[in-house]
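By convention in this document, chain letters (A, B, ...) are assigned in the order of the sequence lines, proteins followed by strands, and residues within each chain are numbered from 1.
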There are 2 protein chains.
Amino acid sequence: MGFKPDIVNLMKELLHQHISNHVTIPEKERDRFCNLFKHQLVKRKSFLLQEGETCKFEGFVIKGLFRVYHIDQNGFENILYFAIENWWITDIDSFTNNTPSQLYIEALEDSEVLLISKKDKEFAYINLPQIEKLFRIMTQKTHVALQRRMIDNLSKTADQRYLDFIKKYPQLLQRLTNLQIAAYLGISHEFLSKIRKKIVTGS
Amino acid sequence: MGFKPDIVNLMKELLHQHISNHVTIPEKERDRFCNLFKHQLVKRKSFLLQEGETCKFEGFVIKGLFRVYHIDQNGFENILYFAIENWWITDIDSFTNNTPSQLYIEALEDSEVLLISKKDKEFAYINLPQIEKLFRIMTQKTHVALQRRMIDNLSKTADQRYLDFIKKYPQLLQRLTNLQIAAYLGISHEFLSKIRKKIVTGS
DNA sequence: CAAAAAGATTGAACAAGTTCAATAAATACA
DNA sequence: TGTATTTATTGAACTTGTTCAATCTTTTTG
């Protein structure tokens, strides 16, 4: 593997911290796991994954912002989630089932990720017992988040979902365009514009 | 604990089989895990969980059919998922975070479940290493299913979602009313009725 | 088996959200 | 810095889906 520049080790600190926040793990095991990751720069508007490819990685965002989206039959973009610093990105469907992805993963800002391959992740599951627990917990968390969103999408109007969004992710709001927010909320950007007007003018 | 009737052991066979289908596990470890479950009959129209309660169990359906749903501000029921034989039921949000549930879990038929308490599940995570893996895999699977449904709900019309549903769950269809299917698809039952008419009469 | 309750269908009026087109504002980038 | 591109706003016409009310059918249960 050769030398690792200090800057990369510094970035892995973020991952160290993240892991220790979720599981109790011997330092050595944690370091072995972290060393399975490769650092990668991802320029704004470039893709980590595109539809039709099989997702071969799981990524941990060190810096920047990604969107994970799907393009439907009408050419409409639907955003499944955004990922910022300290979040994981992958298409879990494609990654676990080795099937072509329906999704695009695109950097919305110049970004940096740590990537682990499927083979190395499987190595970790077999040899590093706490990693199984880490991903059981992380998958639970993302599942809970998606379940909450599903309930909201089934039971709330677009107005309410937008108000919830700006309340829940105020910092993210400033890094996104209204087109992206609309694609996340599942409405047209024109309609979002009208919702915003209604809110400002006070209904 | 006393004697276990043969009938209960027979039911645990279903759980045995389910576990072995997902992980490689020593027989002894699997049996220790299965013995943590209690068998329970659940009559049609009765509840395993109601809104406001904290979900203290995870359940494996042996027989029957459940719906997991949420009642919104307008008193509308939104069904998150159905669970039949060999499926797990819980409110993972309430169960993992020890928070009051937003959900109801109701038997739609006279049903039977095997239930494990939170304490016993934690015991299993600590003492039975393959159980961590089992639930990592199961949570991944349910997450993938929910992700697919989220994409469909964002990108497809109600007509398409209904056609997908009857194609994907033909056997479930016969055990559900159209009210329940509508509550799963996120539409009114009147509108579902109109969709069905349109399909029969051929647009 | 009969009565009651729940489920299904239909139509008319309405509300939520889309589409298209035009214009203005902000941002990217050569 | 200026030009091209992307983003945001607005209105009018349209589509999708809701609501309410009435009627009919099926299922449940005493």
*Asks:* B:Ile199 has an atom CD1; how far is it from atom P of C:dT9, in whole Å?
*Replies:* 11 Å
*Asks:* Judged by each residue's nearest nucleotide on DNA chain C, which is more toward the 5′ side, A:Lys156 or A:Glu190?
*Replies:* A:Lys156
*Asks:* Got a salt bridge between A:Arg175 and A:Glu85, using NZ or NE/NH1/NH2 to carboxylate O under 4.0 Å?
*Replies:* yes
*Asks:* Take the protein atom CG of A:Leu185 and the nucleotide atom P of C:dG17, then report the distance between them rounded to whole Å.
*Replies:* 11 Å
*Asks:* Considering only NZ, NE, NH1 and NH2 on the basic side and carboxylate oxygens on the acidic side, decide whether A:Lys133 and B:Glu132 come within less than 4.0 Å.
*Replies:* yes
*Asks:* Would you mind reading off the distance between A:Leu179 atom CG and C:dT18 atom P, rounded to a whole angstrom?
*Replies:* 13 Å
*Asks:* When you measure from the side chain of B:Asn178, which nucleotide among C:dT19, C:dT9, C:dG17 comes out closest?
*Replies:* C:dT9
*Asks:* Base, sugar-phosphate or nothing for B:Asp159? Non-hydrogen atoms, less than 4.0 Å.
*Replies:* sugar-phosphate
*Asks:* Which nucleotide wins on minimum distance to the side chain of A:Phe191, given the candidates D:dT10, C:dT18, C:dA8?
*Replies:* C:dT18
*Asks:* Between B:Asn74 (CG) and C:dA16 (P), how many Å, whole number?
*Replies:* 11 Å
*Asks:* Using the rule ring pair (Phe, Tyr, Trp, His ring centres under 6.0 Å), only one of B:Phe95, B:Tyr81, B:Phe135 pairs with B:Trp88; which is it?
*Replies:* B:Phe135
*Asks:* Could you tell me the separation between the NZ atom of A:Lys198 and the C1' atom of C:dA15, rounded to a whole number of Å?
*Replies:* 10 Å
*Asks:* Closest-nucleotide mapping onto DNA chain D: is A:Ser193 or B:Thr157 further toward the 5' terminus? I mean the 5' end.
*Replies:* A:Ser193
*Asks:* Please pick, from C:dG17, C:dG11, C:dT19, the nucleotide with the shortest atom-to-atom distance to any side-chain atom of A:Ala158.
*Replies:* C:dG17
*Asks:* Using the side-chain heavy atoms of A:Ser188, tell me which of these nucleotides is nearest: C:dA8, D:dA8, C:dT19.
*Replies:* C:dT19
*Asks:* For A:Phe33, give me all partners under ring-ring contact (aromatic ring centres under 6.0 Å, His included), at least two apart in sequence or on another chain.
*Replies:* A:Phe37
*Asks:* B:Asn153 has an atom CG; how far is it from atom P of C:dG17, in whole Å?
*Replies:* 14 Å
*Asks:* Under 6.0 Å from the ring centre and within 45 degrees of the ring axis: does the NZ or CZ of A:Arg149 meet both conditions for the six-membered ring of A:Tyr184?
*Replies:* yes
*Asks:* Please determine, for the side chain of A:Lys197, which listed nucleotide (C:dT18, D:dG11, C:dG7) has the closest atom?
*Replies:* D:dG11
*Asks:* B:Ile187 side chain: which of C:dA21, D:dT18, D:dC20 is closest?
*Replies:* D:dT18
*Asks:* Can you tell me if the side-chain N/O atoms of B:Arg196 get under 4.0 Å from OP1 or OP2 in C:dT9?
*Replies:* yes
*Asks:* Out of C:dA21, D:dT18, C:dT9, which has the shortest distance to the side chain of B:His189?
*Replies:* C:dT9
*Asks:* Do A:Arg136's NZ or CZ and the ring of B:Tyr125 fall within the cation-pi criteria of under 6.0 Å and 45°?
*Replies:* yes
*Asks:* Using atom CD1 of B:Ile181 as one end and atom P of C:dT9 as the other, report the distance to the nearest whole Å.
*Replies:* 11 Å
*Asks:* State whether a side-chain donor-acceptor pair under 3.5 Å links B:Glu77 with B:His70.
*Replies:* no
*Asks:* Taking NZ, NE, NH1 and NH2 as the nitrogens, is one of them in B:Lys168 or B:Asp164 under 4.0 Å from a carboxylate oxygen of the other?
*Replies:* no
*Asks:* Which comes earlier along DNA chain C counting from the 5' end, the contact point of B:Lys194 or that of B:Leu176, where each point is its nearest nucleotide?
*Replies:* B:Leu176
*Asks:* Using a cut-off of 4.0 Å between protein heavy atoms and nucleotide atoms, how would you tag nucleotides 24-30 of chain C 5' to 3' with B, S and -?
*Replies:* ----S--
